[in-house]
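Heads up: the structure comes next, in structure tokens.
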Amino acid sequence: MGNRRLKKFLSKESTMNFLSWFALRLVKLVYFFTFVEYRNIKKLQDYLNSGKPVILVFWHSRCFLISKLWRDKIGMKKHPIYGIFSTHRDGQLIGKLFGYLGVKNIISSSKDVMQARAVVMKSLKLLKQGVSIGFTPDGPVGPRMHMVSDSAFVFAKASGAPIVPVYISAKNPIIFNSWDRFVLEKPFHKAVMKVGDFLFVDRNISADDLEKVKVDFERQMVYDTLQLDRELGMPEILPADVSDSKKKKK
């Protein structure tokens, strides 16, 4: 009964507004005082400056600093970006927070077929207009570090825009005991944001070949994340076991 009341309280609009307001203050503090090293940024900057959009993907646990990359190195006004956020309360909270930081929201629900279709249509329209989109392929509830969503590949195939992974790690961060092992960077500590290799998806690719591309891309994202974590001395965070995640949802 207590958990139900807590969930109901956390789902209230007033609670969401307060939590997002509080989180915004925390974000600004970390953004200002964290020493961030950017890697492979120029390729992304040059591509966007050519007038072409990208599909930005990053693990759910590493989303805290992502808008800092866009604000400091890309420019929200010059290159607006939309984020796809779920109707799940975590997604709503993060969506509100990112909205304050200049990221426009697209609300999606995997349970609402009509809404999901509308999200696909809106996202493709934005990409064709030259506007970038970004989201977490393992959100909103996991399993952690798995390409649960096919959206990035659907969008890339239909629009011709590249999928661009961003890897984020930090020295001595706070790591929450959540499903995604959420990483919170600390002020006055070093963080690294690395832009990975662009992935272009052939419009005529078969379903079987696309599945292979998806598997290889997920494997590469996991590998590059672990490599960066090891470099910065971060505790190892491995992908969640898919079978265990399914059991928890039942």
_Under-4.0 Å salt bridge between K157 and D150_ = no

*Begin with the C-alpha distance, continue with both residues' side-chain angles, and end with the deciding distance and a verdict on side chain to side chain contact (heavy atoms under 4.5 Å, CB included) for Y38 and K68.*
CA-CA 11 Å; Y38 296 96; K68 181 174 174 60; 3.5 Å; yes

*In this structure, are over 12 heavy atoms from other groups packed under 6.0 Å from F22 atom CZ?*
no

*Taking R203 for its side chain and A158 for its backbone only, find out whether a donor-acceptor pair lies under 3.5 Å.*
yes

*Of all the heavy-atom pairs spanning L65 and A191, show the shortest one and how long it is.*
CD1-CB, 3.8 Å

*Check the hydrophobic clustering (I, L, V, M, F, W, Y; side-chain heavy atoms under 4.5 Å; chains of links allowed) and say if M234 and M145 are grouped together.*
yes

*Could you pull out the closest heavy-atom pair between Y31 and R71, with the gap in Å?*
CE2-CD, 4.4 Å

_Checking side-chain polar atoms at under 3.5 Å, does Q220 have a donor or acceptor matched by the opposite partner on D224?_
yes

*Determine whether more than 12 heavy atoms belonging to other residues, nucleotides or ligands lie under 6.0 Å from atom CZ of R117.*
no

*Does a side chain donor of either N105 or K96 reach within less than 3.5 Å of an acceptor in the other side chain?*
no

_For a quick test of reading the model, state the closest non-hydrogen atom pair linking I55 to F155 and the distance between them._
CD1-CB, 3.6 Å

*Any chance CG of D72 has more than 12 other-residue heavy atoms, nucleotides or ligands included, within less than 6.0 Å?*
yes

_With side chain to side chain contact (heavy atoms under 4.5 Å, CB included) as the criterion, how do F198 and L44 come out once you've worked through the C-alpha distance, each side chain's angles and the decisive distance to 0.1 Å?_
CA-CA 9 Å; F198 287 29; L44 177 60; 4.3 Å; yes

_Ignoring hydrogens, what is the shortest heavy-atom contact between F85 and K104? Give both atom names and the distance._
CE1-O, 4.3 Å

*Salt-bridge contact R230-E236 (side-chain N to carboxylate O under 4.0 Å)*: yes

*In plain terms, say whether K43 and D46 are close enough for a salt bridge, that is, a side-chain N and a carboxylate O under 4.0 Å apart.*
no

*Take atom NZ of K52 as the centre, draw a 6.0 Å sphere, and report whether it contains more than 12 heavy atoms from other residues, nucleotides or ligands.*
no

*D138: what forms a side-chain hydrogen bond (donor to acceptor under 3.5 Å, both in side chains) with it, not counting sequence neighbours?*
none

*Shared hydrophobic cluster, I66 / Y47 (ILVMFWY, side-chain heavy atoms < 4.5 Å)*: yes

*asked:* So which atom in K190 and which in E37 form the shortest heavy-atom distance, rounded to 0.1 Å?
replied: NZ-OE1, 2.9 Å

*Hey, which of T136, D229, D180 is the one that makes side chain to side chain donor-acceptor pair (under 3.5 Å) with R62?*
D229

*Given V183 and I237, is the side chain to side chain contact (heavy atoms under 4.5 Å, CB included) satisfied, shown in steps?*
CA-CA 10 Å; V183 175; I237 300 175; 4.0 Å; yes

*Do W179 and I94 belong together in a cluster built from hydrophobic side chains that touch within less than 4.5 Å?*
no

